[in-house]
Amino acid sequence: MSIIEKFIQAAPLPNSWIDNWKRDGKKVLGYFCTYIPDEIIYAADILPIRIRARQCSDTPVGDAYMSSTTCSFTRCCLEAADRKQLNFLDGIISCNSCDQIRRLYDNIRYKAPFPFHYFLSVPANVNEVTIEWYKHEVGKFKKQIEKEFKVKITDDKLGHAIQIYNESRRLLKKLYLLRQRETPHFTGTDVMNILLASVSIPKEYFNNLLSQQIEEAENNEGISDYRARIMVVGSLLDNPQYIKIIEDLGGLVVTDSLCFGTRSFWDLVEESHSPLDALAQRYLSKISCPRMTDGHLSRKQFILDLIKEFYVDGVIFQRMKFCPYWWGEIFMLRRELKELGVPFIDLEREYILGGIGQMKTRIQAFLEVLE
Amino acid sequence: MIKIEEDWYKNYKKIAREKWGSEFTLWKAMFRGFIDMMREEAIKQGKENEPINPFSKMLLDVFIDVARARKKGKQIIMYPFNYGPELFHAMNLEPLMQEMFSVGLAPFHINEHYLDITNEIGYGDNPTLCNAQRPLIGSYIEKAAPIPDLLFFLSTPCNSLATTYQVFQHLTGVPTYTIDIPYWSHSPDSTFYDEKTLEYVIKQLKKLVVWLENQTHQKLDEEKFKQTMVWLNQARANVLEFNELLRAVPCPARSIEGFGNYLAMVLRGGTKAAVEATKWLRDNAASNVKNKIGGVPDEKIRIAWPYTHVFFDNELLPWLEENFNAVVIMDILGYYHVPPHDTSTIEKCFESLAKGTLDFSMIGTCRGPIEFYIDYVIRFVKDYKIDCVIMPMQFACKHAYAMARITSEEVRNQTGIPTMIFGCDPYDSREVSSEEIRGKIADFLTEIVL
Ligand code: SF4
Ligand code: SF4
């Protein structure tokens with residue numbers, strides 16, 4: 001089996017790594033957002049998994065309880081919990097990522113509870129007062145994990161988890177840098193599978209696999225038969241199929257600003273500081289998502305830097321239907337990119353991929369403009 | 001001529017003829033509409049020979065103050081519907097509550113035009129972004145509303161608000177400050193907020209003061225701040241008493257009166273005018289309780305309405321009162337419930353400010369887990385002898401809509417009281433019409449409640 005095939009196997013939930021982990025009698029916790037410091041879970045020898053609900057095909061319970069005008073990701077997650085498709089989890093961790101996610105947490109607790117639930121209050125802006133608050137929240141979270149799972153998370157263990165996580169981030173960045181080349185070594189579809197694996201299997205295994213993958217790729221010829229270099233920007237995209245549609249039409253996704261993508265790994269945790277300080281600092285001031293009320297200008301700059309560094313020809317905004325944050329963010333970005341002459345298209349989507357024909361037509365037209 | 005004509009009506013009409021500048025077009029349209037509505041109401045109530053009441057005066061003066069602030073060179077600060085303006089008053093700023101536009105223009109069906117413009121420029125749609133804020137973008141494009149000198153907002157109660165305020169800032173470049181309201185003080189000993197939460201909000205409010213000082217080139221006048229907080233807490237005490245009086249059967253107030261308290265606190269909190277307006281509402285309710293007079297004659301149904309009013313249909317509540325002898329005892333904004341606090345020192349004043357920020361209408365109930373909201377509704381149902389709960393959920397209000405079903409199940413399980421949920425857009429009559437809403441409510445009341 002090639003390494004990329006292993007990543008493809010590791011991408012869905014659950015997978016054989018999770019099964020093996022559980023077979024050893026160890027716990028698995030699911031979390032919802034990049035603002036949750038999963039190092040703490042890992043330091044407790046518990047496997048943190050980023051929750052998705054890709055098996056979702058319809059959402060009667062989600063519609064009834066979350067309302068049919070909330071984003072379909074959250075409706076699908078409630079549905080998956082209600083259908084016991086997430087029962088391999090020993091608990092869930094959530095935070096106030098967005099209104100939908102915070103109410104998803106409530107609905108899950110009432111409709112489809114897990115043995116353990118925890119919620120972190122993550123500030124929506126960054127300054128010394130909010131970082132201090134978040135440090136306190138992260139500290140409480142650590143204590144609760146210790147209490148619930150009867151473990152001691154020492155500074156050494158946490159420091160070690162931070163090192164492993166940083167290693168993962170460094171490797172992912174290295175992988176991305178290989179995509180800067182004129183003949184990038186990976187398709188965006190492969191990278192999406194790698195990213196999904198990064199939040200679905202133990203980090204040590206992942207780092208090992210990724211090191212091998214990078215080494216192998218460095219000796220290969222890259223991809224040259226593409227029509228345009230694409231950057232994908234938006235919220236949570238966890239579906240390789242979406243990227244594949246773009247790439248089957250001749251676009252090559254070379255970078256992104258996505259929840260599962262750059263925004264999850266670009267910034268490191270400072271290893272020389274006390275672990276809790278470093279985690280609070282990193283998670284609050286990392287490349288933000290639009291939940292942060294004061295971060296638009298730095299997010300814009302981040303996107304512009306990537307456009308330059310990855311020689312991007314055009315940007316595809318993927319916007320989840322009914323998501324307020326991303327509508328606002330993309331509205332502002334559209335105006336800004338237009339002023340700078342960067343071509344883009346804005347594609348609204350549902351979590352359950354539909355309307356593929358129309359999507360293909362629009363991407364096709366976009367690629368023609370870029371050529 | 002009836003006295004009202006000579007007294008206040010003529011006077012306000014004269015002010016409405018002053019030149020306010022084109023940026024105040026919508027503001028003046030609302031002012032005019034409100035003067036006429038108040039006149040009609042006074043005549044309907046047989047009060048045409050009485051001077052203007054303190055509440056109506058307070059409300060009409062808000063329009064005049066904001067319009068005149070520009071001329072006087074007083075800085076205008078825009079802020080959202082879930083924050084009190086007391087600090088702004090203390091710092092000699094003119095507070096302009098943004099949602100005054102969407103709420104105030106809804107009964108005149110003026111929002112619709114600005115929503116169409118907002119749609120045309122590609123900013124959002126109704127189920128995604130709330131129309132309490134979206135008309136702001138359309139009115140900015142048409143230059144029909146003033147651009148404030150400063151902008152302030154909070155991270156709660158919703159993403160929609162925070163998003164549209166950011167977009168407005170992006171379009172206008174207005175200097176902006178935001179504070180974070182913690183979602184949940186997840187302390188096992190805390191029922192609502194613990195010391196840590198309070199300290200967190202106080203620290204942020206102090207930073208806000210520094211920011212305001214820099215923006216306005218003036219220092220916070222501590223004496224003025226203290227006086228503001230004294231008035232604020234006097235008004236809070238009045239509102240609290242009013243809320244207690246609503247327990248009486250029959251309810252001593254009409255359905256809309258609680259919302260009057262909210263307007264006093266959100267528009268003029270920290271001023272003498274708000275103290276007088278809330279005192280007037282409280283005194284009326286107290287006198288009715290004493291005389292066993294119901295706000296609605298022959299009261300039959302007591303309704304809890306734990307969400308906002310349907311603002312475009314200002315005849316909906318009178319319709320309920322007249323056709324069903326039903327009184328809406330509480331709505332989520334109108335049930336402003338902040339106890340008065342100690343204001344003896346500046347530190348205490350900040351503490352009082354922070355507690356009010358955390359407890360403000362909608363923030364208090366919606367900034368935490370669903371239990372905050374469920375407990376609030378159930379407590380209300382029990383304390384106020386409620387017969388049914390009506391939840392008119394706004395399509396775009398994700399945090400609220402996604403709580404409705406579980407809340408209604410819990411209310412039914414714990415109290416046996418019937419509940420109804422329906423979707424609508426309180427700001428845009430084209431989404432779900434008055435007729436449809438009334439039809440649904442009538443069916444519910446006749447088939448299930450009565
Ligand atoms: S897509 Fe938007 S609404 Fe949905 S979970 Fe993400 S941020 Fe929340
Ligand atoms: S109605 Fe709901 S979505 Fe709209 S501003 Fe209020 S809290 Fe936000």
Side-chain angles (χ1 to χ4, degrees), chain A residues 64-71 74-75 78 95-96 98-100 102-107 109-111 118-130 132-133 136-137 140-141 144 290-294 296-297 319 321-332 334-336 346 348, chain B residues 121-130 137 153-167 169-171 176 178-187 196-197 200 203-204 206-207 367-371 373 393 395-406 409-410 421 423:
Chain A
Y65 282 83
M66 295 289 298
S67 99
S68 53
T69 55
T70 51
C71 102
T74 52
R75 279 181 281 142
L78 180 60
C95 70
N96 46 337
C98 68
D99 289 339
Q100 279 89 324
R102 67 184 170 109
R103 291 302 174 217
L104 169 64
Y105 177 76
D106 288 332
N107 277 284
R109 284 186 299 120
Y110 275 77
K111 274 299 288 170
Y118 195 85
F119 194 97
L120 282 100
S121 172
V122 185
N125 54 10
V126 195
N127 56 52
E128 70 284 2
V129 179
T130 58
E132 184 60 31
W133 166 273
H136 178 71
E137 278 293 302
K140 280 200 297 188
F141 175 46
Q144 195 59 28
R291 72 171 298 280
M292 302 300 278
T293 54
D294 57 354
H296 174 72
L297 291 180
R319 181 167 50 76
K321 199 169 179 185
F322 303 140
C323 173
Y325 281 151
W326 277 97
W327 199 318
E329 183 73 0
I330 292 172
F331 176 81
M332 295 188 276
R334 277 196 331 236
R335 290 169 52 93
E336 287 156 342
D346 181 0
E348 185 179 70
Chain B
I121 66 158
Y123 179 59
D125 57 17
N126 169 39
T128 308
L129 284 147
C130 179
I137 305 302
F153 64 96
L154 317 156
S155 60
T156 43
C158 61
N159 306 156
S160 200
L161 184 152
T163 301
T164 303
Y165 275 61
Q166 282 175 75
V167 166
Q169 177 196 12
H170 163 85
L171 293 169
T176 302
T178 63
I179 68 172
D180 178 60
I181 296 295
Y183 176 64
W184 183 8
S185 63
H186 189 260
S187 157
K196 189 84 196 166
T197 307
Y200 179 53
K203 277 188 188 163
Q204 293 188 77
K206 287 184 176 170
K207 276 176 76 83
R367 72 176 173 80
I370 194 168
E371 286 80 359
Y373 185 71
M393 307 315 294
F395 292 123
C397 191
K398 324 285 182 194
H399 73 92
Y401 215 152
M403 287 198 288
R405 176 76 178 250
I406 297 228
E409 287 177 2
E410 286 297 310
I421 303 169

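Remember, it's a predicted structure, so these values are computed and weren't measured experimentally.
The choice from A/T130, A/V122, A/T70 that makes the most heavy-atom pairs within less than 4.5 Å of chain B is A/T130. Of the listed residues B/C158, B/S155, B/A162, the one with more heavy-atom pairs under 4.5 angstrom with chain A than any other is B/C158. Between chain B and the residues A/K321, A/E329, A/E336, the most heavy-atom pairs under 4.5 angstrom are made by A/E336. Taking chain B as the reference chain and counting heavy-atom pairs below 4.5 Å, the highest number among A/L297, A/N127, A/T74 is found for A/N127. The residue among B/F395, B/Y401, B/Y200, B/F153 with the most heavy atom pairs within less than 4.5 Å of chain A is B/Y200. The candidate from B/A404, B/P157, B/S160, B/A400 with the greatest count of non-hydrogen atom pairs under 4.5 Å with chain A is B/P157. Listed options A/C71, A/A64, A/S68 were ranked by heavy-atom pairs under 4.5 angstrom with chain B; first place goes to A/A64.
Here the CZ atom belonging to B/R367 is positioned 11.5 Å from the CG atom belonging to A/N96, to the nearest 0.5 angstrom. To the nearest 0.5 Å, atom CE of residue B/M403 and atom CG of residue A/D99 are 9.5 Å apart. How far OG1 of B/T176 is from CG of A/D294: 11.0 Å, rounded to the nearest 0.5 Å. The distance from the CZ atom of B/R405 to the OG atom of A/S67 is 12.0 Å, given to the nearest 0.5 Å. Rounding to the nearest 0.5 Å places CD1 of B/I370 at 6.5 Å from CZ of A/R103. Taking NE2 of B/H399 as the reference point, atom CG of A/D106 lies at 12.0 Å (rounded to 0.5 Å).
A side-chain donor-acceptor contact under 3.5 Å links A/R334 to the backbone of B/G122. With hydrogens and angles disregarded, a donor-acceptor distance shorter than 3.5 Å links the side chain of B/D180 to the backbone of A/A124. With hydrogens and angles disregarded, no donor-acceptor distance shorter than 3.5 Å links the side chain of B/N159 to the backbone of A/Y325.
Using a 30° and 60° split on the angle between ring planes, B/H170 and A/H296 fall in the perpendicular class, above 60°.
For chain A, no part of B/L154 is nearby; none of its heavy atoms comes within less than 4.5 Å. For a residue to count as touching a neighbouring chain, one of its non-hydrogen atoms must lie under 4.5 Å from one of that chain's; by this rule A/C98 touches chain B with backbone and side chain alike. Neither the backbone nor the side chain of B/Y165 comes within contact range of chain A; no heavy atoms are under 4.5 Å apart. Heavy-atom distances place the side chain of B/L129, and not its backbone, under 4.5 Å from chain A. For B/T128, the parts lying near chain A are the backbone and the side chain together; criterion is any non-hydrogen pair under 4.5 Å. Looking at B/E410, only its side chain comes within 4.5 Å of chain A, counting heavy atoms on both sides. Residue contact with chain A, scored on non-hydrogen atoms closer than 4.5 Å, involves the backbone and the side chain of B/D125 alike. In this structure, no portion of A/D346 lies under 4.5 Å from any heavy atom of chain B.
For the 3.5 Å distance criterion, the side chains of A/N125 and B/T178 qualify, holding a donor opposite an acceptor.
Checked against salt bridge (Lys or Arg N to Asp or Glu O under 4.0 Å), A/E348 has the following partners two or more places apart in sequence or in another chain: A/R319.
Applying side-chain contact (heavy atoms from CB on, under 4.5 Å) to A/W133 and the options B/K203, B/K196, B/Q204 leaves one that passes, B/K196.
A/F331 has its side chain out of reach of B/Q166: every pair of non-hydrogen atoms, C-beta onward, lies at least 4.5 Å apart. At least one side-chain heavy atom of A/R109 sits less than 4.5 Å from a side-chain heavy atom of B/P369.
The residues A/E128 and B/K207 are annotated as salt-bridged, a charged nitrogen and a carboxylate oxygen being separated by less than 4.0 angstrom.
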